[in-house]
Amino acid sequence: MMPKMDSFISLSVPSLKGNELKYLADCIETNWVSSVGPYVDRFEREVAHRLGVPHAVACVNGTAALHVSLIAAGVQAEDEVIVPTVTFIAPVNAVRYVGACPVFMDCDDHLNMDAAKLVDFVEKECHFKDGRLLNRKTGRRVSAVIVVHVFGHPANMELIVQLTEKYGLKLIEDATESIGSYYKSLKGKKCFAGSIGDFGCLSFNGNKLITTGGGGMVLTNDEASARRVRHLTTQAKEDPLYFRHDEIGFNYRLTNLQAAVGVAQLEQLEKFIETKRKNFTTYRESLCGVTDLRWIEEPEGTYSNYWHYALVVDKEGDRDRLLIHLREKRIEARPLWALIHRQRPYQKFQAYRIEKALRYESAVLNIPCSVSLKEEEIQRVTEVIRSDWRVF
Ligand SMILES: *Cc1c(COP(=O)(O)O)cnc(C)c1O
């Protein structure tokens with residue numbers, strides 16, 4: 001007899017058990033399926049309301065949201081944009097889409113951009129003249145910073161906002177992983193990730209906390225910026241009758257079908273975050289006392305959506321052994337992204353004192369985190385980790 005095989009536990013799968021089908025049926029019955037429609041407006045309105053921003057513009061995916069945000073922020077070709085080296089590659093690619101050059105920053109112990117090093121870079125390596133920040137080494141103008149709230153944990157915005165305001169830099173938040181995460185008190189009030197910078201970008205890709213299959217959104221507090229973003233995502237069409245266009249735009253709009261799924265997903269956001277946090281606690285308790293293992297946790301003063309659970313395996317080589325063991329036991333796990341500054345398209349750009357990121361690159365492991373994860377599955381994952389640990 002064949003031994004019974006354990007079922008496969010995925011890293012992250014979507015959960016579509018709310019009103020998704022009902023709203024989709026409504027789109028089809030009413031014939032509103034394409035890039036305008038009541039669900040698009042409703043999705044934008046409800047996300048904006050949920051995250052406390054006045055304006056939200058839906059678009060085709062998170063990468064497109066980053067792209068149009070950079071254009072609307074006025075980032076020019078040959079400008080420099082400060083980016084993290086620990087990130088999914090999309091925000092850095094978006095910098096290149098506008099012809100600008102990335103400058104890579106190190107991470108802190110939450111895997112977010114090291115704000116203290118960012119301050120050092122600006123104050124020691126750049127000079128500020130006539131309202132422009134110039135990088136001494138390259139002679140280029142530094143015009144923006146993109147901050148990623150990695151795995152849902154809010155970055156050190158207090159310091160970063162101070163700095164970008166002081167030097168007139170545009171601030172773009174890549175909040176694609178951090179919908180619903182917030183600062184308990186920033187400048188005296190509760191603030192959601194993505195609502196703080198000049199632009200905040202969301203993603204509704206299938207692996208994100210809420211999904212529309214594929215999708216994104218730009219958040220902003222500035223009405224003119226919202227109008228510009230909307231214009232850019234709709235082919236920069238000035239005149240809907242004669243089709244006059246005043247600049248080069250993009251077909252970046254979200255469809256009503258996708259937005260319908262988004263509205264249904266948003267209704268469940270609160271519950272999803274509670275589940276993510278509860279499951280994290282279960283994992284943490286189950287692995288309590290295992291030496292040489294620690295977690296990336298939410299920074300003090302913040303509330304994270306715990307999109308991904310990130311374990312740090314400090315001993316050289318153990319992370320990769322654990323990764324293989326988990327895979328053998330049919331549990332999907334994933335290492336941290338390869339650092340962006342070392343990848344082929346980006347090796348020629350400046351990287352500023354990257355130290356911690358090098359260590360975390362070989363030490364971080366993501367383990368299954370789906371909202372639908374069952375208690376027994378969490379126990380299975382932690383048992384595999386515990387049992388394999390004794391072997392090392
Ligand atoms: C998912 C993700 C994106 C891109 O979003 P898409 O919707 O897949 O284009 C951008 N940045 C980060 C950090 C992400 O994790």
Side-chain angles (χ1 to χ4, degrees), residues 11-14 43-44 47 56-71 81-98 102 104-105 107-108 110-113 144-155 157 171-181 193-194 197 199-219 229 232-233 250-255 258-259 261-262 265-266 276 296 304-310 334-341 343 345-346 357 360-361 364 366 369-370:
L11 185 72
S12 176
V13 291
F43 190 36
E44 290 177 339
V47 170
V57 182
C59 56
V60 73
N61 56 49
T63 310
L66 288 157
H67 183 191
V68 288
S69 292
L70 283 160
I71 300 173
V81 178
I82 301 172
V83 297
T85 188
V86 174
T87 176
F88 176 57
I89 202 166
V92 187
N93 283 344
V95 168
R96 293 301 291 147
Y97 298 165
V98 299
F104 293 97
M105 279 296 133
C107 69
D108 62 16
H110 300 279
L111 304 180
N112 288 321
M113 186 182 282
V145 177
I146 302 181
V147 172
V148 181
H149 305 289
V150 175
F151 300 147
H153 303 326
M157 287 299 268
L171 178 55
I172 297 172
E173 291 179 81
D174 179 330
T176 53
E177 304 183 354
S178 56
I179 187 168
S181 300
F199 298 91
C201 299
L202 304 178
S203 166
F204 310 113
N205 189 29
N207 65 342
K208 296 304 198 295
L209 187 53
I210 64 170
T211 185
T212 58
M217 205 171 280
V218 177
L219 310 173
V229 165
L232 285 166
T233 59
F250 306 89
N251 177 12
Y252 275 177
R253 292 292 284 157
L254 193 74
T255 67
Q258 290 166 311
V261 176
Q265 287 272 290
L266 189 65
K276 287 271 189 183
I296 301 288
S304 172
N305 68 9
Y306 275 93
W307 174 61
H308 262 347
Y309 307 135
R334 195 179 287 167
L336 188 65
W337 309 284
L339 300 180
I340 309 298
H341 78 284
Q343 306 219 21
Y346 293 111
Y360 283 114
E361 184 189 30
V364 171
N366 290 124
C369 66
S370 306

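One-based numbering, in listed order, for ligands and for the atoms of each. Computed from a prediction, not measured in an experiment: that's the story for all the values here.
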Just by distance, no angles: are the side chains of Glu173 and His149 close enough, under 3.5 Å, to form a donor-acceptor pair?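 Their side chains do contain a donor-acceptor pair, which is all the 3.5 Å distance test asks for.
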Residues passing the side chain to side chain donor-acceptor pair (under 3.5 Å) test with Asp108, sequence neighbours excluded, are none
Partners passing side chain to side chain contact (heavy atoms under 4.5 Å, CB included) against Ala65 (at least two apart in sequence or in another chain): Cys59, Cys201, Val218
Who are the side chain to side chain contact (heavy atoms under 4.5 Å, CB included) partners of Ala64, not counting sequence neighbours? Val60, Asn61, Tyr252
Between Phe151 and Phe88, does the ring centre distance come in under 6.0 Å?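 Ring-ring flag for Phe151/Phe88: false, centres at least 6.0 Å apart.
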Stepwise ring pair (Phe, Tyr, Trp, His ring centres under 6.0 Å) check, Tyr97 with Phe250: CA-CA 12 Å; Tyr97 298 165; Phe250 306 89; 9.1 Å; no
Mind jotting down which protein residues get a heavy-atom contact under 4.0 Å with ligand 1? Chain and number order, please.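 The answer is Asn61, Gly62, Thr63, Leu66, Thr87, Phe88, Ala90, Pro91, Val148, Asp174, Thr176, Glu177, Ser203, Asn205, Lys208, Gly215, counting any residue whose heavy atom sits under 4.0 Å from ligand 1.
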